[in-house]
2 protein chains.
Amino acid sequence: MTDDKVDTEKAILNAARQVFVRKGLDGARMQEIADEAGMNKALLHYYFRSKEKLFKMVFREAMSKFFPGMVVILGSSEIPIEKKVEAFIENYIKIIQENPFIPSFIIGELNKNPEQLTEFFVESGIDTSKVAFILKEVIAKELGITIQQARHLVVNIIALCVFPFVGRPLLEKIIFQSNQDEFDQFISERKAVILNLIRTSINRSV
Amino acid sequence: MTDDKVDTEKAILNAARQVFVRKGLDGARMQEIADEAGMNKALLHYYFRSKEKLFKMVFREAMSKFFPGMVVILGSSEIPIEKKVEAFIENYIKIIQENPFIPSFIIGELNKNPEQLTEFFVESGIDTSKVAFILKEVIAKELGITIQQARHLVVNIIALCVFPFVGRPLLEKIIFQSNQDEFDQFISERKAVILNLIRTSINRSV
DNA sequence: CACTAAATTAACCATACGGTTAAAATAATT
DNA sequence: AATTATTTTAACCGTATGGTTAATTTAGTG
């Protein structure tokens, strides 16, 4: 494989990511991706066969930012559970800040096409039942709470971390009066706020 | 306007809501909406002129479930702030449970087309600067916290309420192992969990 | 350099889609 | 009942879109 081939493939993926993340699978146009990559549309098919296949690559890449990595953090055995939760939050926020549009992309596409999720896990060889084990045998057991309480805890954490980015257009407009600087300031404070909230919720059993 | 005309218009809107909420503006097809409504495609144009206009009606209706109603709750002056927050949470969850797919619809469309939001507020005569006033003069002042802390509080509340529905495909698969009953059970417990979490966060100044 | 293989492009194709139109069916008005 | 206005439909139109193909350019190889 020549460098050119590698470069072209990467250039296509970069352009595809841009367009798919911004417009979604249905709103994206192969021609727009080609334009963004500065090449002929036929090349996209030459390298990736179809729009769906190309999209799948982009979606896969996006999911890989969170899976299985984030699950592993909670599963690692040495560290005490409180530290694990903190590491989870810090890592999660870091990933989202580095890829601020990925969460809404993933969530938007999954709401339109939930089967993609199963497909991704199967093809990536990720065993989702491990999460059940972690909820029960790690989080619930080590914190002395029920499985259901552990579920609420995890959902709370994810919600608090992700939502500002997923709901950004709404929040920026109504809470921040379209002031982007104040929104960025808000985001930079976010980690401390969430850690604070979750820490006390753990000390009081969810 | 005859009853038939009213009925046809409503039938179209119902079908359009179904399809638009499920597939989004880009993924929806006028033919599919016509099929869902059991009528000829030309009728959609006869009543609503274009796909965009029809979509706008559906989007408007969806937004109206939350605005300006939810803002008003926080602004009402008689009740003490703690009660206001609780009323906000309870009302919010109620609306979402009655319209479980609306949040992801709104958020998904706004992420692809943020200008729709400004358009909606302008056309609905909703003054978004009222939120700034409420954050500063109601929430921050009555709770004795900064405006920024008030923002975090509001975002926390919305995040905790909305996210389980917006992220449902993900959560149902990984946290609930595709078990819908357990997810529903989880949702029914949600209000108490959120109230609990937010109450203590208020007592400790965000 | 000649020749082969891979990469890239311009032109094209079939189809799906939003939208229109003219005719048919139904309802309202006299 | 006759006439007019409104609602509904079938057939159609132009175009955008995903995808293909045949030719051209570029890179690799003896």
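A note on names: the letters A, B, ... follow the listed sequences, proteins ahead of strands, and every chain is numbered from 1.
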Can you tell me the distance, in whole Å, between the CG atom of A:Leu43 and the P atom of C:dT8?
5 Å
Mind calculating the distance between CD1 (A:Ile12) and C1' (C:dT8) to the nearest angstrom?
11 Å
Which nucleotide, C:dT20, D:dG19, C:dT8, lies nearest any side-chain atom of A:Glu52?
D:dG19
B:Tyr46, nearest nucleotide to its side chain (from D:dG18, D:dT9, D:dT8)
D:dT8
Given atom CZ of B:Arg49 and atom P of C:dG19, what is their separation to the nearest angstrom?
10 Å
Starting at atom CG of A:Asp7, determine the distance to atom P of C:dA6, rounded to an integer number of angstrom.
19 Å
Mapping A:Arg29 and A:Ala42 onto DNA chain D by nearest heavy atom, which one lands closer to the 5' end?
A:Arg29
Going by distance alone, is a donor N or O of one side chain under 3.5 Å from an acceptor N or O of the other, for B:Asp35 and B:Gln31?
yes
Taking atom CE of A:Met57 as the centre, does the number of heavy atoms from other residues, nucleotides or ligands within less than 6.0 Å exceed 12?
no
Atom-to-atom span, CG of B:Leu25 to P of C:dC17 - whole angstrom:
14 Å
Salt-bridge criterion met for B:Arg17 and B:Glu61 (N-O under 4.0 Å):
yes
Looking across every strand, which nucleic acid part, if any, lies under 4.0 Å from B:Ala28 by heavy atom: base, sugar-phosphate, or nothing?
sugar-phosphate
Pair of N/O donor and acceptor under 3.5 Å linking D:dG19 base with A:Lys51 side chain
no
Atom OH of B:Tyr47 and atom P of C:dT20: how far apart are they, to the nearest Å?
17 Å
Measure up the B:Phe186 and A:His152 rings against each other and bin them: parallel (under 30°), tilted (30 to 60°), perpendicular (over 60°).
parallel
note: A:Lys41, atom NZ; D:dT21, atom C1'; distance rounded to Å ~ 12 Å
Would A:Glu32 and A:Arg22 pass as an ion pair if we require N to O under 4.0 Å?
yes
Measure the distance from CG on A:Asn40 to C1' on D:dA23 and round it to the nearest whole Å.
13 Å
Distance test, side-chain N/O of A:Thr8 to OP1/OP2 of C:dT8, below 4.0 Å
yes
